[in-house]
Amino acid sequence: MQAFPRISLSAAWGVVKHHKRFFLISQLVFIAIGLVIGFSIPRTYKAEIKLAPENSGPSLSGSLGSISSMLGMNLGNQLSEDAINPELYPDVKSSPDFLLGLCQIRVQTKDGQVKTDYKTYLTRHTKATWWDALRIKLFPPKDNGTVAAPAGQTDKTIRLSMADYLLLQGIDGAIGCSVDKKTGVITITAIDQDPLVAAILVDSVSARLQDFITDYRTSKARTDLQHFQQCYADADAAYQETARRYAAYADAHQDISLESYRVESDNLENEMQLAFNIRTQYATQVEMAKAKVLERTPVYTVLQKPYVPVKHEAPRRSFILLFWMFMGFVLSFLWKARKAENPILIHKPAARRADEADSAPVSFED
């Protein structure tokens with residue numbers, strides 16, 4: 001069995017004491033590095049909004065509902081007829097078409113000097129660290145234009161340039177969406193260099209996410225509604241035509257008492273009544289389809305409205321400074337510990353421990 005080495009604190013302190021000038025200079029150098037990095041990172045602000053969607057799944061009752069509540073499980077989403085439940089909302093917000101829609105929202109900075117769309121704001125009015133600016137200058141994206149679909153192609157694929165792809169990746173990293181599995185509360189966050197832009201962004205993400213889910217859940221009901229509305233329009237046109245024909249025939253033959261004319265009049269009246277009944281049925285179905293659309297429309301309760309943040313979220317310059325001070329001390333210590341006179345790590349052989357164990361006195365107890 002291999003023995004673990006033991007650290008000699010006296011030898012370690014001797015290294016620090018013997019090279020204290022070197023450690024002081026290295027600490028000053030790493031403090032300067034930490035300050036440069038900390039002040040090079042622009043400040044960012046975080047806005048947040050919390051939503052509570054309705055539970056569209058069938059309610060659990062009896063012992064199953066009690067057990068699921070005790071275990072902190074939410075089985076309502078599993079029993080829901082929707083393919084998109086709240087747990088998939090983070091995937092929805094990361095989709096390219098959703099992120100492309102965010103590029104068009106109008107934003108405004110807190111000082112009121114910038115009022116433009118979000119894409120222009122990100123590309124022209126945000127600060128970048130000097131190392132990111134240097135990297136982009138040395139390795140610029142190969143294509144900066146918008147990639148268009150080939151002529152005659154009608155597919156619905158999304159085509160992006162490298163610059164747009166990197167922009168969407170940045171937007172995806174700036175917004176977050178999480179769902180509490182126990183309570184079902186949706187938390188949406190947005191991070192930006194301007195506090196007002198962060199609040200506008202999180203509000204837009206929340207609204208567009210609700211619109212996306214609403215369009216998805218009501219798509220079938222809205223399709224049925226359009227179908228019944230078209231059927232009602234056709235039935236109404238047919239009724240109007242039969243009513244016109246019946247009125248014209250009755251007006252033209254009101255003084256004639258022949259049986260053939262009365263039979264034709266009855267046929268036209270029956271045809272008009274049939275068209276009226278069909279129109280009435282479709283009118284009822286239209287109202288039922290409208291009610292179905294309202295029933296399928298989800299309702300979101302805003303638990304926490306977005307507000308303009310006052311304190312910045314990052315960078316934490318004190319943490320960055322302490323991190324680089326610690327890294328400077330560790331690297332300096334490892335550099336000087338290589339040539340230390342007294343070994344810092346003391347390895348105790350396993351054979352020696354076994355000999356010491358054999359030579360130890362054995363005591364017997366009655």
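Given the structure is predicted, the values throughout are model-derived calculations rather than measurements. Side chains are part of it too, since the values below use all heavy atoms of this structure and drop only hydrogens, waters and symmetry mates.
Of the N and O atoms on the side chains of Asn277 and Gln281, not one donor lies less than 3.5 Å from an acceptor on the other residue. A donor-acceptor contact closer than 3.5 angstrom is absent between the side chains of Asn267 and Glu271. In summary, the side chains of Asp194 and Thr109 do not present any donor paired with an acceptor at a separation below 3.5 Å, with no hydrogens or angles considered. The closest side-chain donor-acceptor pair between Asp192 and Tyr121 falls under 3.5 angstrom. Of the N and O atoms on the side chains of Thr214 and Gln210, not one donor lies less than 3.5 Å from an acceptor on the other residue. Between Thr129 and Asp132, the side chains place a donor N or O and an acceptor N or O closer than 3.5 Å (distance only, hydrogens not considered). Under the 3.5 Å distance criterion, with hydrogens and angles disregarded, no donor-acceptor pair is assigned to the side chains of Thr120 and Arg124.
Taking both residues in full, the closest heavy atoms of Lys93 and Cys177 are given as CG-CB, 4.0 Å, listed atom of the first, atom of the second, then distance.
By the side-chain hydrogen bond (donor to acceptor under 3.5 Å, both in side chains) test, Gln226 pairs with no residue at all, sequence neighbours left out. Residues passing the ring pair (Phe, Tyr, Trp, His ring centres under 6.0 Å) test with Phe98: none are found, sequence neighbours excluded. Listed by chain and number, the residues in a side-chain hydrogen bond (donor to acceptor under 3.5 Å, both in side chains) with Arg316 amount to none (sequence neighbours excluded).
Going from atom OH of Tyr118 over to atom OG of Ser204 covers 10.0 Å, rounded to the nearest 0.5 Å. Rounding to the nearest 0.5 angstrom, the gap separating the OG atom in Ser219 from the CZ atom in Arg296 is 8.5 Å.
In this structure the side chain of Leu51 never reaches within 4.5 angstrom of the side chain of Val185, judged on heavy atoms. The shortest side-chain heavy-atom distance between Ile213 and Tyr300 falls under the 4.5 Å cut-off.
For the pair Lys311 and Tyr45, the cation does not sit on the ring face, since its NZ or CZ is not both under 6.0 Å from the ring centre and inside 45° of the axis.
The side chain to side chain contact (heavy atoms under 4.5 Å, CB included) test with Ile49 singles out one residue from Ile186, Leu303, Ile188, and that residue is Ile188.
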